[in-house]
Amino acid sequence: MSVHDDITSVQRSLDELSRSLGRLEHQLGGEGLEMRRVRMDADHLRESLGLLRDAADTRTAPRRPDLVTISDTPYDRSLWIDTDDEGLGARDRRAP
């Protein structure tokens, strides 16, 4: 299944949940704290699914990082004059 199919399936489930909650509200009354809380949670899920759908719509194919061109010309040797300061060792000695 694609992402859009999964989101549509979740949307249908949320619609069914909303219908079931409507029936429960009719039977139990909608004034209770528990019923209001469940209704708010269902509404929050609906809003979150809308945000997820928007994010999935704007998502494109996986983006490749921008390529960086590296020149084939040799680097300037003056860049490595202070290698002792960098902890790379001196030119006339071997590494430990």
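Residues meeting the side-chain hydrogen bond (donor to acceptor under 3.5 Å, both in side chains) test with Arg37, sequence neighbours left out: none. In this structure Arg19 satisfies the salt bridge (charged side-chain N to carboxylate O under 4.0 Å, His left out) test together with Glu16, sequence neighbours excluded. Checked against side-chain contact (heavy atoms from CB on, under 4.5 Å), Val10 has the following partners two or more places apart in sequence or in another chain: Leu14, Leu49. A search for salt bridge (charged side-chain N to carboxylate O under 4.0 Å, His left out) contacts involving Arg36 returns nothing, not counting sequence neighbours. Scanning for side-chain hydrogen bond (donor to acceptor under 3.5 Å, both in side chains) contacts around Thr69 gives an empty result, with sequence neighbours left out. Residues passing the side-chain contact (heavy atoms from CB on, under 4.5 Å) test with Glu25 are Met35, Arg39, sequence neighbours excluded. With sequence neighbours excluded, the residues forming a salt bridge (charged side-chain N to carboxylate O under 4.0 Å, His left out) with Asp15 are Arg46, listed by chain and number. Applying the side-chain contact (heavy atoms from CB on, under 4.5 Å) test to Asp76 and every residue at least two apart in sequence or in another chain returns Ser78, Leu79.
To the nearest 0.5 Å, atom CG of residue Asp43 and atom OG of residue Ser18 are 7.5 Å apart. Leu52 contributes atom CG, which lies 11.0 Å from atom CD of Gln11 (distance to the nearest 0.5 angstrom).
Not one N or O on the side chain of Ser9 forms a donor-acceptor pair closer than 3.5 Å with the backbone of Asp5.
There is a side-chain donor-acceptor pair under 3.5 Å between Ser20 and Arg23.
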